[in-house]
Amino acid sequence: MRPLGVVAALVLATAAVITCAPLPLGLSTTPGVTQAVALRGAGALALLVLGLVVGLVAVALRRRRRPLVAGALAVVLLACAAGHVGVLVARGWGGAGPAAGADLVVVTLNTEVDGVAPEELAELVDETGADVVALPETSAERAVAMAAAVERRTGSGFAVLAEQVDDRPIAATSLLVHERLGPHERADAPALDLSAVAAAPVDGDGPLLVAVHPPPPIPGAFPQERWAEQVATAAAACTAVPGAVVAGDLNATLDHAPLADALDAGPCVDAAAATGAAAWGTWPAAVPAVLGAPIDHVLVDGRAWQPLSARVERVGATDHRALVVALARREP
């Protein structure tokens with residue numbers, strides 16, 4: 001193989017290895033790696049196909065007695081594909097079992113700038129029995145309309161809290177809280193570029209509920225460093241008050257250090273990971289969930305809550321899937 005081909009093979013093999021293990025290599029916040037590792041399912045499929053193609057090339061090159069580089073590259077690509085699959089299997093595609101005994105059902109759904117109709121949200125709440133609904137990219141007006149639609153469908157009322165930090169449509173985040181949880185009032189929320197809103201029970205009997213939306217790592221739109229800071233800030237909201245529940249579009253997966261480090265420090269846990277459902281992707285909704293990026297999360301204080309189940313649901317025209325989590329209160 002010519003020198004240029006050898007260099008290309010080394011570059012490709014190195015890139016594959018980095019996407020397989022970004023956290024141990026300390027590269028999960030590096031531009032390019034951040035975006036690539038979010039899509040482990042799609043990455044596994046791409047590496048598998050590429051590895052098979054390169055492997056066939058290596059077989060063809062046997063006649064010229066020069067298959068070494070191509071063969072080695074094929075092995076690396078297939079090994080990395082297997083590594084991706086192994087991580088996803090460990091995180092799980094389950095978690096959708098019955099939520100019998102649930103004390104709290106939490107839903108998070110980025111509506112892509114009011115892209116979910118009130119009736120569609122009402123159907124989801126009715127089907128899941130949701131008590132708390134976090135709605136990134138949802139205006140106060142749309143959230144009020146959603147609460148009204150839920151009440152018409154189920155007969156249950158929801159308090160509506162909303163925050164919008166500026167005039168950008170994506171900078172609105174809303175939170176619906178079921179009346180059975182008692183009166184709630186606005187509480188301190190983390191300062192995020194795309195908004196966050198928090199609700200605390202008026203009588204102090206119940207968890208702090210927080211809906212969050214840190215910005216995505218989009219070159220030219222949101223600086224990479226700002227993304228990392230904001231994800232860490234959003235995750236830290238779970239540890240601010242004992243028993244807190246934080247839900248929303250965190251624009252990060254368990255492979256990104258700002259989120260992984262916060263969870264490693266405890267006591268908060270990712271509910272989908274705790275129920276073996278963390279491999280399901282929530283974005284983009286247009287691709288199968290097995291190939292998507294699991295960037296929507298429900299984080300809970302593991303000392304106060306036991307996650308029972310988690311699943312994703314396609315709702316309306318938004319580019320995100322909803323994440324539905326059932327929780328049981330742990331005995332003190």
Side-chain angles (χ1 to χ4, degrees), residues 1-96 217 219 224 251-261 263-264 270 272-273 275-296 310 312 321:
M1 184 174 286
R2 296 177 180 177
L4 185 60
V6 173
V7 171
L10 287 173
V11 170
L12 185 56
T14 301
V17 171
I18 288 173
T19 63
C20 280
L23 281 174
L25 295 172
L27 297 173
S28 70
T29 58
T30 302
V33 178
T34 297
Q35 291 75 14
V37 75
L39 294 162
R40 270 196 186 272
L45 180 60
L47 289 172
L48 174 61
V49 172
L50 189 57
L52 291 174
V53 170
V54 174
L56 291 175
V57 171
V59 171
L61 288 176
R62 288 182 63 186
R63 299 175 182 176
R64 303 182 186 180
R65 298 181 181 180
R66 292 186 295 179
L68 181 60
V69 174
L73 177 59
V75 169
V76 171
L77 294 175
L78 293 174
C80 287
H84 280 304
V85 172
V87 170
L88 293 171
V89 168
R91 290 177 181 169
W93 288 291
Q224 189 87 2
N251 277 309
T253 75
L254 298 177
D255 289 304
H256 294 125
L259 178 57
D261 290 350
L263 294 174
D264 287 344
D270 181 89
T275 58
W280 291 118
T282 56
W283 176 89
V287 306
V290 70
L291 299 178
I295 60 174
D296 297 88
V312 297
R321 285 180 170 84

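When a residue number appears, it is its place in the shown sequence, counting from 1.
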Discussion item. Walk me through whether L45 and H84 qualify under side chain to side chain contact (heavy atoms under 4.5 Å, CB included).
Written reply: CA-CA 9 Å; L45 180 60; H84 280 304; over 6 Å; no

Over all heavy atoms of both residues, which pair between [X] and [Y] is shortest? Give the atoms and the distance, please.
X: D255; Y: L23; answer: O-CG, 3.4 Å
X: A272; Y: A310; answer: CA-CB, 3.9 Å
X: L47; Y: C80; answer: CD1-CB, 3.8 Å
X: L39; Y: L291; answer: CD2-O, 3.7 Å
X: A74; Y: G51; answer: CB-O, 3.7 Å
X: R321; Y: G281; answer: CD-O, 3.8 Å

Would a distance-only check, ignoring hydrogens and angles, find a side-chain to backbone donor-acceptor pair under 3.5 Å from [X] to [Y]?
X: S28; Y: T34; result: no
X: T282; Y: D296; result: yes
X: W280; Y: W93; result: yes
X: R40; Y: C20; result: yes

Discussion item. With rounding to the nearest 0.5 angstrom, report the CG to CG distance, L52 to L77.
Written reply: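 The distance works out to 9.5 Å.
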
Worksheet item: Distance from I295 atom CD1 to L259 atom CG, nearest 0.5 Å?
Response: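 Spacing of CD1 (I295) from CG (L259) equals 11.5 Å.
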
Discussion item. Under 3.5 Å, is there a donor on one side chain and an acceptor on the other for T29 and Q224?
Written reply: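 Checked: T29/Q224 side chains show no N/O donor-acceptor pair below 3.5 Å.
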
Item to complete: Decide yes or no for H256 and P22: does some side-chain heavy atom of the first lie under 4.5 Å from some side-chain heavy atom of the second?
Response: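 They are not in contact (no side-chain heavy atoms under 4.5 Å apart), so the answer is no.
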
Worksheet item: Under a 4.5 Å cut-off applied to non-hydrogen side-chain atoms, are L12 and V76 in contact?
Response: no

